[in-house]
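On a predicted model such as this, the values are computed, not experimentally measured, just so you know. Both counts, for ligands and for their atoms, begin at 1 and track the order of listing. We number each residue from 1, following the sequence as shown.
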Amino acid sequence: MPPNDGTRPRLIGPDAGPEPPFPLRMKGEVVKGFGRGSKELGIPTANISLHSVPWIETADSGVYFGWAGIQLPPAAADNKTTGLDASLQKALPAAAHEAGWRLFPMVMSIGFNPFYKNTVRSAEVHVMHNFVTDFYGAPMAIAILGYIRPEYDYVSKESLIEDINEDIEVARRSLARDAYRERCLDGYLWGGES
Ligand code: ADP
Ligand code: RBF
Ligand code: MG
């Protein structure tokens, strides 16, 4: 594992847009995770079942960013009461929106969480939105547009949280560029095949 030397680029990936192997796509149901209470850490992660993700074995472990599409139940999908980013939802075709699909920026980790020494590889998505309800069981599709950093071990929970918050800022800035923003126009994110 490379050392965590504390440095982090402000932006990830060329301004002209993601380069191969990105976008990497995966989808599945949101499943129960390790129950370690990442919610208590203030950073809930939607764990995704990895059964049908062909590239997962060869993917580098680490932290990635991109877009997530989630098919939410009606109460959670209401734009007005739940404060969804309305301009982002405009990317959705009417039928997909009607069916409850919504789009979000995300950061995620793939790997073994060295801080917790997991024995199973996991993919966990922190959706960059404040949800009013859980969405276990919901179909979720993600398009990964870039790799932020390897996973590290940490001296404390606090330093892990600090780094994840930094990842969130890097992702926000990186996705704001046109060539990354426009990648939310991807039918895979609302249930289509890639
Ligand atoms: P688990 O160990 O079961 O994954 P977490 O504490 O990581 O539990 O919480 C994850 C769950 O919280 C998700 O499955 C989802 O239903 C819900 N959730 C609420 N807000 C978010 C969010 N912003 N990002 C990801 N999941 C969220
Ligand atoms: N766990 C680690 O052990 N090391 C990491 O470097 C690490 N980075 C993460 C980055 C992001 C953006 C997210 C969402 C999670 C990360 N995790 C990391 C996973 C974290 O330990 C996990 O979400 C909680 O333990 C709950 O399962
Ligand atoms: Mg989780």
A.B. asks: In ligand 1, which numbered atoms sit nearer than 4.0 Å to a non-hydrogen atom of F34?
C.D. replies: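 Result: 2 (O).
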
A.B. asks: Output the list of atoms in ligand 1 that are nearer than 4.0 Å to some heavy atom of K32, sorted by atom number.
C.D. replies: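 That gives atoms 3 (O) of ligand 1.
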
A.B. asks: May I ask you to test the H126-M106 pair for a side-chain heavy-atom distance under 4.5 Å?
C.D. replies: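 No, side chains not in contact.
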
A.B. asks: Determine whether the side chain, the backbone, both or neither of H129 has a heavy atom under 4.0 Å from any heavy atom of ligand 1.
C.D. replies: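 Contact part for H129 vs ligand 1: backbone (N, CA, C, O).
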
A.B. asks: Have a look at the Mg ion (ligand 3) and estimate, to 10 degrees, the angle subtended by O (T45) and OD1 (N47).
C.D. replies: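 It is 80°, given to the nearest 10°.
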
A.B. asks: Only heavy atoms of G33, strictly under 4.0 Å: list the atoms of ligand 1 that pass.
C.D. replies: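 Reading through ligand 1 atom by atom, the close ones are 1 (P), 2 (O), 3 (O), 4 (O).
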
A.B. asks: For atom 9 (C) of ligand 2, which candidate among R149, K117, H126, E166 holds the nearest heavy atom?
C.D. replies: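 Heavy atom nearest to atom 9 (C) of ligand 2 belongs to R149.
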
A.B. asks: Under a 4.0 Å threshold between the charged nitrogen and the carboxylate oxygen, would E193 count as salt-bridged to R25?
C.D. replies: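 No salt bridge links R25 with E193.
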
A.B. asks: Which of these, A68, A138, A46, S122, has its nearest heavy atom closest to atom 25 (C) of ligand 1?
C.D. replies: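 It is A46 that holds the nearest heavy atom.
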
A.B. asks: Given V31, I70, N47, I43, identify the one with the heavy atom nearest to atom 4 (O) of ligand 1.
C.D. replies: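 Answer by nearest heavy atom: N47.
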
A.B. asks: Using a heavy-atom cut-off of under 4.0 Å, does the side chain or the backbone of D134 touch ligand 1, or both, or neither?
C.D. replies: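 Looking at D134 and ligand 1, atoms from backbone and side chain both fall under 4.0 Å.
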
A.B. asks: Is any N or O atom of P150, backbone or side chain, closer than 3.5 Å to an N or O atom of ligand 2?
C.D. replies: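 The answer is no, given that P150 and ligand 2 share no N or O pair closer than 3.5 Å.
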
A.B. asks: With a cutoff of 4.0 Å, is V125 in contact with ligand 1, counting heavy atoms of the residue only?
C.D. replies: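 Heavy atoms of V125 do come under 4.0 Å of ligand 1.
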
A.B. asks: Between V30 and N47, is there a side-chain heavy-atom distance shorter than 4.5 Å?
C.D. replies: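 Not touching, per the 4.5 Å side-chain cut-off.
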
A.B. asks: Say whether Y154 and ligand 2 are in contact under the criterion: heavy-atom distance to a ligand atom below 4.0 Å.
C.D. replies: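 Y154 counts as a contact of ligand 2 under the 4.0 Å cut-off.
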
A.B. asks: Quick check: T133 and ligand 1, any N/O pair under 3.5 Å apart?
C.D. replies: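 Between T133 and ligand 1 (N or O atoms, distance only) the closest approach is not under 3.5 Å.
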
A.B. asks: Just go through T45, V63, L41 and tell me whose heavy atom is the nearest to atom 10 (C) of ligand 2.
C.D. replies: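 Nearest heavy atom to atom 10 (C) of ligand 2 lies in V63.
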
A.B. asks: Any donor-acceptor pair under 3.5 Å linking the side-chain atoms of D163 with those of Y152?
C.D. replies: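 Their side chains do not contain a donor-acceptor pair, so the 3.5 Å distance test is not met.
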
A.B. asks: So does Y136 get a backbone contact from the side chain of D134, meaning a donor-acceptor N/O pair under 3.5 Å?
C.D. replies: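 No, because the side chain of D134 does not come within donor-acceptor range (under 3.5 Å) of the backbone of Y136.
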
A.B. asks: Within 45° of the axis and under 6.0 Å from the centre of the six-membered ring of F115, does NZ or CZ of K157 qualify?
C.D. replies: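 Verdict for F115: no cation-pi partner in K157.
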
A.B. asks: Would P114 count as a contact residue for ligand 2, given that I'm defining contact as a non-hydrogen atom of the residue lying under 4.0 Å from a ligand atom?
C.D. replies: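 The answer is yes, since P114 has a heavy atom less than 4.0 Å from ligand 2.
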
A.B. asks: Quick one: does M26's side chain get under 4.5 Å of W55's, heavy atoms only?
C.D. replies: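 In contact.
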
A.B. asks: Relative to atom 22 (C) of ligand 2, which among E151, M108, E124 owns the nearest non-hydrogen atom?
C.D. replies: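 It is E124 whose heavy atom sits nearest to atom 22 (C) of ligand 2.
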
A.B. asks: Once you measure the plane-to-plane angle for Y64 and Y147, does it fall in the parallel (<30°), tilted (30-60°) or perpendicular (>60°) bin?
C.D. replies: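 Because their plane-to-plane angle is over 60°, the rings of Y64 and Y147 count as perpendicular.
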
A.B. asks: Identify which one of L88, D186, L103 satisfies the side chain to side chain contact (heavy atoms under 4.5 Å, CB included) criterion when paired with W67.
C.D. replies: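 For W67, the side chain to side chain contact (heavy atoms under 4.5 Å, CB included) test succeeds with only one of L88, D186, L103, which is L88.
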
A.B. asks: Between A171, A46, S109, which one has a non-hydrogen atom sitting closest to atom 16 (C) of ligand 2?
C.D. replies: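 Residue with the shortest heavy-atom distance to the ligand atom: S109.
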
A.B. asks: Are R177 and Y180 in a cation-pi setup, meaning NZ or CZ lies under 6.0 angstrom from the ring centre and within 45 degrees of the ring axis?
C.D. replies: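 R177 over Y180 ring: yes.
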
